[in-house]
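Structure first, commentary second.
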Amino acid sequence: MKIDNIRKYEFGNPYETGAVVCDAEKMIGIPEGFGYDMETGTFTYRLNEKDMVIGLGETVRGINKRGWIYISNNADDPVHDENKTSLYASQNFLIVDGGKDCFGVFIDNPGSVTFDIGYTDTNVMSIHPEYNDTTFYLINGKSPLDIVRSFRTLVGKSYVPPMWAFGYGQSRWGYKTADDIREVARRYKELGIPLDMIYMDIDYMQDFKDFTVNPERFPDFENFVKEMKEEGIHLVPIIDAGVKIEDGYDVYEEGKEKGYFCKKENGEDLVAAVWPGKVHFPDFLNDEARKWFGDKYKVLTDAGIEGFWNDMNEPAIFYTEDHLKEVFAQVKEFEKKELDIWGFFDFKDVVGSIANNPEDYRRFYHDFNGRKVRHDRVHNLYGFYMTRSASEAFERITPDKKILMFSRASYTGMHRYGGVWTGDNTSRWSHLLMNIQMMPALSMNGFVFSGADIGGFGGHTTEDLMMRWIAFGIFTPLFRNHSALGTRDQELYRFERTGDFKNLIELRYALIPYIYSEFMKAVDENGMYMKPLSFEYREDDRCREIEDQLLVGDSIMIAPVYEQNRTGRNVYLPEDMKLVRFRSYDDYDTEVLEKGDRYIKAELNEVLVFIRPGKELPLAKPARQAEKVDMKDLKVIKF
Ligand code: MIG
């Protein structure tokens, strides 16, 4: 199929990345409206004063990306400050929206790509790929939503998880034994808080080896999976990209023998270190290796597992054996010298260069479509192809069952195979706001099934932050509370106001019929589940600056509270709307409010939902599991 309003321009020798599924009209020359510097491979576009730039998926800062520089270069960096340029994802689709005129750009280039969006020069957007092998798609349309639809037709339908994955999930890095997990299930049940999933982090494995389960800590795993399922709970284990080097470990031995690991220039398998200690990286870009690794998930699906999360697949590298040797050699040199203060800083830099060193991405190769390709040139595809490996295997292993799958690293195209979570955020109010601002960009890029670590991953959360974050998370398709080893416990039963938490989680379950049908609409019609206001209210300039309210589906707007010690917030209503102030699914007040600015009260346990004119919000009776929600027995709140 060929799409009408998309034109494609090729530069250098672009790779078949797998991002797109249809063709577009091929043009000769430079994309209309853009400048191009052959020397550097940089595209430039002059921004009008009114132009907003929206998109780029999982990145820091606001909904309007103008004023900062973003580098698509998948990175394992747990510090998601405003001044970061790269997170775990490369989703290179954006829209330039001047209000009347707008157009979209998708840069299909799997190496590092720098988007300078009015950072160096406020009036210039420049796009600079490190390697000039780019397919540049220019997308026209009457409106941003029109452009989104064309883009998504180009890149193919988004992943749909099983129904139960729309429930609430509890996760934590640090559940070590089956009993730890039983305890989580028991405490939730005791309080009557709905729960569909408990996630298993790396500690379930034997010595962090993929597709193994520690037999002492999880005796009779198959029965344990069954036992949990009888409680209505799906166990969702993590899979890491690195394969432990250990004699006798089948995944290592088979991969080694068949030559399925990434190799260095000299043909030897690259040795890196991650949680298992020394590892090799499967060459997911190689068709055969991808199939082989995918089939390994069967070990766990055979035990009754129906969902996974793929981690460390940028890939994260604690160190490579080769670079570590270089560092040790340099350290010896430093030891001999008398260090002055600059020498000290040089020394510190050398030691600091051990982990997640981008230079390491130049040390290994892929066998990609029959070509030997250095990793850094196709770096951003690695997590995508790991997830594709799993998803294609699920088609073979359990063709009749939907499997939950989401990944940390991503690239456009992966949205057909799984969702994403947004990685290691922190328990900060600003990260709740960041979650709100990322969601529409993820939706736009096709990653409709996505969400953040609710409550925050790193750092210590607080009860009020958790409450407000849950109140927003109610609306995100992936709804998971997750935190890091060593941080304050944040399962909902750890707090005082468990009754309020219960009400909020029940509200999520009551909203599942709405959430699910709007989610499916976004998938089927290549639309957006979460939208910025400016995409809908085209004539209202005020909406162009609203960074903290979202449209969820076609019927409602939300305005989450994301600051500490607030009992309300300012809300802009672009039209008359009916406010529903929920305390629980059956305790709420409603009021029709006129268009305009207002301050609206929202106590810590209250959730603000605004129904648009002529629309309605269906509510089900909550159940303890998503699949038990009666989708037909609905109460409807009309505008
Ligand atoms: O180096 O598996 O983003 O969710 O809990 C950290 C342990 C590895 C990073 C993931 C996080 C997970 C953690 N992992």
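As the structure is a computational prediction, the values presented were derived from the model and not from experiment. Counting convention: from 1, in listed order, for ligands and their atoms alike.
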_For ligand 1 and Asp311, I'd like to know whether there is a polar contact (N/O to N/O, distance under 3.5 Å)._
yes
Margin query: Would Asp201 count as a polar contact of ligand 1, with the cut-off being nitrogen or oxygen pairs under 3.5 Å?
Written below: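 Between Asp201 and ligand 1 (N or O atoms, distance only) the closest approach is under 3.5 Å.
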Does the cation-pi check pass for Lys296 over Phe211, that is, NZ or CZ under 6.0 Å from the six-membered ring centre and within 45° of its axis?
->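 No, a cation-pi geometry is absent between Lys296 and Phe211.
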Check your understanding: For Tyr199, is the NZ or CZ atom of Arg480 found under 6.0 angstrom from the centre of its six-membered ring and inside 45 degrees of the ring axis?
Key ->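 Judged by the rule (NZ or CZ under 6.0 Å from the ring centre, within 45° of its axis), Arg480 counts as positioned above Tyr199.
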Please test Lys263 against Asp283 for salt bridge (Lys or Arg N to Asp or Glu O under 4.0 Å), starting from the C-alpha separation and ending with a verdict.
CA-CA 9 Å; Lys263 297 192 174 31; Asp283 186 359; over 6 Å; no
Give the residue and atom name of whichever protein heavy atom lies nearest to [atom], and the separation in Å to one decimal.
atom: atom 4 (O) of ligand 1; result: His482 NE2, 2.9 Å
atom: atom 3 (O) of ligand 1; result: Asp424 OD1, 2.5 Å
atom: atom 1 (O) of ligand 1; result: Trp275 NE1, 2.9 Å

Which of the atoms in ligand 1, numbered in the order shown and given with their element, are less than 4.0 Å from a heavy-atom of [X]?
X: Trp309; result: 4 (O)
X: Ile202; result: 2 (O)
X: Ile238; result: 2 (O)
X: Met312; result: 1 (O), 8 (C)

Quiz item: Below 4.0 angstrom, N of the basic side chain to O of the carboxylate: do Arg182 and Glu231 qualify?
Solution: no
### Task
Report yes or no: does Thr301 contribute a side-chain atom to a donor-acceptor pair with the main-chain N or O of Lys298 at less than 3.5 Å?
yes
Taking all non-hydrogen atoms of both residues, which atom of Asp322 and which atom of Lys264 are closest, and how far apart?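 In this case the closest contact between Asp322 and Lys264 is OD2-NZ, 2.8 Å.
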query = How does Asp240 reach ligand 1, by side chain, by backbone, by both or by neither, if only non-hydrogen atoms under 4.0 Å count?
reply =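 The answer is neither.
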Worksheet item: Where do Glu547 and Gln437 land on the side-chain contact (heavy atoms from CB on, under 4.5 Å) test, with the steps shown first?
Response: CA-CA 7 Å; Glu547 288 274 350; Gln437 293 172 327; 3.3 Å; yes
